Enquirer: 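Mind having a look at this structure? Questions to follow.
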Amino acid sequence: MTKKALSREKPILMEELDTGFKFEVTEEPGGENIKRCFACGTCTVVCPVFSVNDQYNPRKIIRMILFGLKEEVLKSNFIWLCSGCYSCYELCPRDVKITRLMAAVRNIAVREGHIPKPMELIVGLIEKFGRILEVSEFENIVRSKKGMPELDLTIPELRKVLKRTRIHDVIKSSDIDE
Ligand code: SF4
Ligand code: SF4
């Protein structure tokens, strides 16, 4: 699916473009600097995800947004591949803040009902542990031996917040299966 999404087999047609998409992204917190990108490719070169999966190409995703390929970007699963490592964030010569930009694009995608269904697993972990990793008493024992504070394993407020987002309903009705 990712491969298909980033390698177009058909030409880009003007009538398919949403030229207002870039403005929508600049108005989303985190997306403010997207128009600064001058396509140098530094983000792609340093991206650890790109190094193992060349279908995830931040420079190309930014171009697609600037062109106005809104549906193609929002309905893809490649915007979900960013690991949030901040390598590109540190090195971008135009301060595009790509890590935050990708989060902004994902936020728009979710609002429009596009989220990969496997994200339900991650949402479940966050609901249960407050994190995307399982946390148990074992971690707290290890932490206390190292003089670190215990992690709070009860997170009722977070569950309430997640419930209010109705994230499970969005995932169930999403059109992204993988
Ligand atoms: S490093 Fe910055 S300026 Fe260069 S392509 Fe990436 S986002 Fe654009
Ligand atoms: S923050 Fe995302 S886009 Fe940037 S280098 Fe890391 S994985 Fe790649």
Side-chain angles (χ1 to χ4, degrees), residues 1-8 11-12 14 16-126 129-135 158 162 165 167 170-171 174-178:
M1 189 288 187
T2 311
K3 193 159 192 157
K4 213 168 153 190
L6 268 181
S7 53
R8 290 182 66 89
I12 296 172
M14 286 298 288
E16 283 179 5
L17 302 181
D18 182 339
T19 50
F21 185 35
K22 56 182 171 293
F23 301 113
E24 203 179 323
V25 172
T26 55
E27 280 166 22
E28 186 74 20
E32 298 89 345
N33 293 355
I34 186 170
K35 288 191 283 168
R36 290 187 184 183
C37 174
F38 57 11
C40 68
T42 304
C43 50
T44 298
V45 171
V46 300
C47 177
V49 178
F50 177 75
S51 72
V52 295
N53 179 354
D54 64 7
Q55 296 306 309
Y56 178 74
N57 182 332
R59 184 197 66 83
K60 192 167 182 178
I61 295 168
I62 291 169
R63 287 293 108 192
M64 291 172 78
I65 295 168
L66 295 175
F67 274 148
L69 291 162
K70 179 176 178 176
E71 291 291 295
E72 201 161 329
V73 170
L74 295 185
K75 290 184 178 177
S76 72
N77 64 2
F78 54 75
I79 56 174
W80 296 88
L81 296 179
C82 171
S83 68
C85 71
Y86 281 84
S87 301
C88 57
Y89 192 102
E90 300 291 338
L91 293 169
C92 173
R94 298 288 291 156
D95 196 29
V96 173
K97 302 188 190 306
I98 304 133
T99 319
R100 294 192 65 227
L101 166 66
M102 289 302 163
V105 176
R106 289 194 297 272
N107 285 340
I108 297 172
V110 172
R111 274 208 303 277
E112 302 213 358
H114 314 300
I115 179 171
K117 290 198 193 302
M119 290 301 288
E120 188 139 38
L121 291 174
I122 293 179
V123 173
L125 285 169
I126 294 171
F129 303 111
R131 299 156 183 86
I132 58 170
L133 296 171
E134 181 172 348
V135 179
L158 178 63
L162 279 173
T165 66
I167 188 73
V170 178
I171 293 172
S174 175
D175 47 12
I176 308 176
D177 292 323
E178 312 175 27

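Note that this is a predicted model, so its numbers are computed, not measured. Order of appearance sets the numbers: ligands from 1, and atoms from 1 within every ligand.
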Enquirer: Is there a side-chain contact between F23 and K35 in this structure, where contact means two heavy atoms from C-beta onward sitting under 4.5 Å apart?
Expert: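 Side chain of F23 against side chain of K35, heavy atoms only: contact under 4.5 Å found.
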Enquirer: Can you list the ligand 1 atoms lying under 4.0 Å from a non-hydrogen atom of P93?
Expert: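 Counting from 1, the qualifying ligand atoms are 1 (S).
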Enquirer: For the residue pair C92 and I98, establish whether any side-chain heavy-atom pair is separated by less than 4.5 Å.
Expert: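 The answer is yes, as the side chains (C-beta and beyond) meet within the 4.5 Å cut-off.
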Enquirer: Taking 4.0 angstrom as the limit and counting only heavy atoms of V49, give me the atoms of ligand 2 inside it, by number and element.
Expert: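 Numbered from 1, ligand 2 contributes 7 (S).
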Enquirer: Does NZ or CZ of R94 fall inside the cone over F38's six-membered ring, less than 6.0 Å from its centre and within 45° of the axis?
Expert: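 Cation-pi check for R94 and F38: passes.
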Enquirer: Write out the residue and atom name of the closest protein heavy atom to atom 5 (S) of ligand 1, then the distance separating them to 0.1 Å.
Expert: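 Scanning the protein heavy atoms, the shortest distance from atom 5 (S) of ligand 1 goes to G41 N, 3.2 Å.
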Enquirer: With side chains defined as the heavy atoms from C-beta onward, is the minimum distance between F78 and N53 less than 4.5 Å?
Expert: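 Side-chain contact under 4.5 Å: no.
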Enquirer: Could you tell me whether the side chain of E16 and the main chain of M14 form a donor-acceptor pair under 3.5 Å?
Expert: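 No; judged by distance alone, with no hydrogens or angles, the pair does not exist.
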Enquirer: Check contact between Y56 and ligand 2, using heavy atoms of the residue and a distance below 4.0 angstrom.
Expert: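 Judged by the 4.0 Å heavy-atom criterion, Y56 does count as contacting ligand 2.
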Enquirer: With heavy atoms only and a cut-off of under 4.0 Å, state how A39 meets ligand 1: side chain, backbone, both or neither.
Expert: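 Under 4.0 Å from ligand 1, A39 contributes backbone atoms alone.
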Enquirer: Should the heavy atoms of other residues, nucleotides or ligands under 6.0 Å from CG of L91 be counted, would the total exceed 12?
Expert: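 For L91, atom CG is crowded (more than 12 foreign heavy atoms under 6.0 Å).
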Enquirer: Any idea which protein heavy atom is nearest atom 8 (Fe) of ligand 1, and the distance to it?
Expert: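 Here the closest protein heavy atom is C37 SG, 2.4 Å.
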Enquirer: Which protein non-hydrogen atom lies closest to atom 2 (Fe) of ligand 2, naming both residue and atom, and how far is it?
Expert: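 For atom 2 (Fe) of ligand 2, the nearest protein heavy atom is C82 SG, 2.3 Å.
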Enquirer: Closer than 3.5 angstrom, by distance alone: can the side chain of N33 be matched with the main-chain N or O of K97 as a donor-acceptor pair?
Expert: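 Side chain of N33 to backbone of K97, a donor-acceptor pair under 3.5 Å: no, none is there.
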Enquirer: Could you check whether any side-chain heavy atom of T26 comes within less than 4.5 Å of a side-chain heavy atom of E32, counting everything from C-beta outward?
Expert: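 Side chain of T26 against side chain of E32, heavy atoms only: no contact under 4.5 Å found.
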Enquirer: Answer yes when E28 and R106 have at least one side-chain N-carboxylate O distance shorter than 4.0 Å, and no when they do not.
Expert: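 Between R106 and E28 there is no salt bridge, as every charged N stays at least 4.0 Å from the carboxylate O atoms.
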Enquirer: Can you tell me if, anywhere in C43, an N/O/S atom lies at a distance from atom 6 (Fe) of ligand 1 that is smaller than 2.8 Å?
Expert: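 Yes, within the cut-off.
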Enquirer: Heavy atoms only: which of C47, C85, P48 is nearest to atom 6 (Fe) of ligand 2?
Expert: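 The residue whose heavy atom sits nearest atom 6 (Fe) of ligand 2 is C85.
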Enquirer: Record the part of I62 in heavy-atom contact with ligand 1 below 4.0 Å; permitted values are side chain, backbone, both and neither.
Expert: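 Contact part for I62 vs ligand 1: side chain (C-beta onward).
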Enquirer: From C92, does some N, O or S atom reach closer than 2.8 Å to atom 8 (Fe) of ligand 1?
Expert: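 No - counting backbone and side chain alike, C92 has no N, O or S atom under 2.8 Å.
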Enquirer: Taking K22 for its side chain and I34 for its backbone only, find out whether a donor-acceptor pair lies under 3.5 Å.
Expert: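 No.
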Enquirer: Which of the numbered atoms in ligand 2 are under 4.0 angstrom from any heavy atom belonging to S83?
Expert: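 Near S83, meaning under 4.0 Å from one of its heavy atoms, ligand 2 has 2 (Fe), 7 (S).
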Enquirer: By number and element, which atoms of ligand 2 are closer than 4.0 Å to a non-hydrogen atom of T99?
Expert: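 Answer for ligand 2: 1 (S).
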Enquirer: Show the atoms of ligand 1 that are less than 4.0 angstrom away from any heavy atom in R94.
Expert: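 Selected atoms, number and element: 3 (S).
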Enquirer: Is it the side chain (CB and beyond), the backbone, both or neither of L91 that lies under 4.0 Å from ligand 1, heavy atoms counted?
Expert: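 None of L91 does.
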Enquirer: What protein heavy atom sits nearest atom 4 (Fe) of ligand 2, and how far away is it?
Expert: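 Here the closest protein heavy atom is C88 SG, 2.2 Å.
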Enquirer: If the contact criterion is a heavy-atom separation under 4.0 Å, does P58 count as touching ligand 1?
Expert: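 Heavy atoms of P58 never come under 4.0 Å of ligand 1.
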Enquirer: Is T44 close to D54 at the side-chain level, that is, under 4.5 Å between some pair of heavy atoms?
Expert: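 A side-chain contact under 4.5 Å is absent here.
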Enquirer: Which atoms of ligand 2 have any heavy atom of Y86 under 4.0 Å away?
Expert: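 Taking each heavy atom of Y86 in turn, ligand 2 has 1 (S), 6 (Fe) under 4.0 Å.
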Enquirer: Distance under 4.0 Å to a non-hydrogen atom of R59: what atoms of ligand 1 satisfy this?
Expert: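 Listed by number with element, the hits are 5 (S).
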Enquirer: Counting only heavy atoms not in F67, do more than 12 fall under 6.0 Å of its CZ?
Expert: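 Result for CZ/F67: open.
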